[in-house]
Amino acid sequence: MRHGERHRTERIGWLRAAVLGANDGIVSTASLVLGVAAAGADPKAVLVSGVAGLVAGAMSMAAGEYVSVSSQSDTERADLSRESGELASAPEQEQAELAEIYVRRGLDKELASTVAVQLMEHDALGAHARDELGISETSTARPIQAAFASAGTFSVGASLPLLVVLLLPASSLMWTVPGSSLLFLALLGSLAAKTGGAPVLVAAARVTFWGALAMALTAGVGALFGVAT
């Protein structure tokens with residue numbers, strides 16, 4: 001039975017994917033919009049490029065997260081399968097191995113042996129997965145969850161600069177898009193830090209710095225190679 005106390009580490013899996021997705025959505029879409037606008041494109045082309053970037057980016061995030069996390073999941077399953085075979089063929093050796101792990105963590109040999117025996121009687125594979133392989137319920141790879149979290153939050157993040165393009169005059173995009181996007185990024189960093197229990201100012205400064213750099217470089221490329229209409 002799980003105890004009632006909740007820890008922030010339980011949020012690591014979905015929080016990482018969500019923050020990554022939303023951050024990429026804001027930065028990539030705002031940068032794309034700025035680059036196209038700086039090249040002298042008309043407002044309709046700017047909007048179409050932003051929408052295309054949203055769709056392509058969301059699918060790319062979903063596919064990338066699913067593939068990468070699936071690779072982690074495959075590795076975990078392979079390790080668990082190997083460990084299950086070793087438990088079946090050499091349980092005494094595996095028990096001694098588990099006891100040695102507890103000795104290295106600070107238990108005396110007698111207590112470590114007792115703990116290893118009792119844990120293996122309760123759930124041998126679970127004990128070795130957690131204490132030998134480092135696989136726990138918190139860290140277990142969840143490809144589908146990661147894919148949907150990244151795609152969904154990317155879409156939400158990408159829609160924010162697109163709303164600015166839709167609602168504000170085209171003549172103001174070169175300063176309203178980056179200004180609002182930096183604000184969105186600061187709010188995202190603050191929210192993620194608060195959820196994860198990290199310093200808010202550090203997180204907000206980190207995401208806004210890299211977002212500003214990305215938008216500045218993309219706008220510069222658009223202005224350099226674009227042809228004003």
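- Contact record, P169 with S172: O-OG, 2.9 Å, taken as the closest heavy-atom pair.
- Around the CD1 atom of I144, the shell of radius 6.0 Å holds no more than 12 heavy atoms that belong to other residues, nucleotides or ligands.
- Q95 CD to E121 CD: the interatomic distance, rounded to the nearest 0.5 Å, is 8.0 Å.
- Using a 4.5 Å heavy-atom threshold, the side chains of V207 and L188 count as separate.
- Hydrophobic clustering, with ILVMFWY side chains joined whenever heavy atoms are under 4.5 angstrom apart, groups L166 together with V177.
- Shown here for L80 and A129, the closest heavy-atom pair between the two residues is CD2-CB, 3.5 Å.
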Worksheet item: After noting the C-alpha distance and the side-chain angles of S155 and L54, does the key distance pass the side chain to side chain contact (heavy atoms under 4.5 Å, CB included) rule?
Response: CA-CA 6 Å; S155 300; L54 185 156; 4.1 Å; yes

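- Put simply, the side chain of S81 never gets that close to the backbone of R77: no donor and acceptor are under 3.5 Å apart.
- The CG atom of D108 lies 6.5 Å from the CD atom of E110; values are rounded to the nearest 0.5 Å.
- A donor-acceptor pair under 3.5 Å links the side-chain atoms of S190 to the main chain of A186, judged by distance alone.
- Counting non-hydrogen atoms of neighbouring residues, nucleotides and ligands closer than 6.0 angstrom, the CD atom of Q93 reaches no more than 12 such neighbours.
- One hydrophobic cluster, built from ILVMFWY side chains closer than 4.5 Å, cannot hold both V55 and F148; they sit in different ones.
- Minimum heavy-atom separation, A62 to A147: O-CB, 3.5 Å.
- Heavy atoms only, all atoms of each residue included: V46 and A41 are closest at CG2-O, 4.1 Å.
- In terms of heavy atoms, S49 sits closest to V36 at OG-CG2, 3.6 Å.
- If you chain together hydrophobic residues whose side chains sit under 4.5 Å apart, L187 and L185 never meet in one group.
- To the nearest 0.5 angstrom, R130 atom CZ is 10.5 Å from L125 atom CG.
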Practice prompt. I would like to know whether R82 and D79 meet salt bridge (charged side-chain N to carboxylate O under 4.0 Å, His left out); could you show each step before the answer?
Written response: CA-CA 5 Å; R82 175 182 177 182; D79 280 344; 5.5 Å; no

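- Separating the CG atom in L213 from the OG1 atom in T218 is a distance of 9.0 Å, to the nearest 0.5 Å.
- V164 and V48 are assigned to two separate hydrophobic clusters, defined by single-linkage of ILVMFWY side chains at heavy-atom distances under 4.5 Å.
- For the pair T29 (side chain) and I26 (backbone), a donor-acceptor distance under 3.5 Å is absent.
- Contact annotation: the side chain of P178 approaches that of L34 to within less than 4.5 Å [non-hydrogen atoms, C-beta and beyond].
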Practice prompt. Determine, stepwise, if the pair L87 / M120 fulfils side chain to side chain contact (heavy atoms under 4.5 Å, CB included).
Written response: CA-CA 10 Å; L87 286 168; M120 288 187 64; 3.5 Å; yes

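- Separation of atoms CG (L201) and CZ (R206) is listed at 11.5 Å; rounding is to 0.5 Å.
- S159 places a side-chain N or O within donor-acceptor distance of the main-chain N or O of V156, the cut-off being under 3.5 Å.
- The environment of L217 atom CG is dense: over 12 non-hydrogen atoms of other residues, nucleotides or ligands sit within 6.0 angstrom.
- Here the CZ-OG distance, from F154 to S60, works out to 7.5 Å after rounding to the nearest 0.5 Å.
- For Y102, the OH atom sits in a packed shell: over 12 heavy atoms of surrounding residues, nucleotides or ligands are nearer than 6.0 Å.
- In the hydrophobic clustering of this structure, V33 groups with L47; members are Ile, Leu, Val, Met, Phe, Trp, Tyr whose side-chain heavy atoms approach within less than 4.5 Å, directly or through other members.
- Among all heavy-atom pairs drawn from P161 and G157, the shortest one is CD-O, 3.1 Å.
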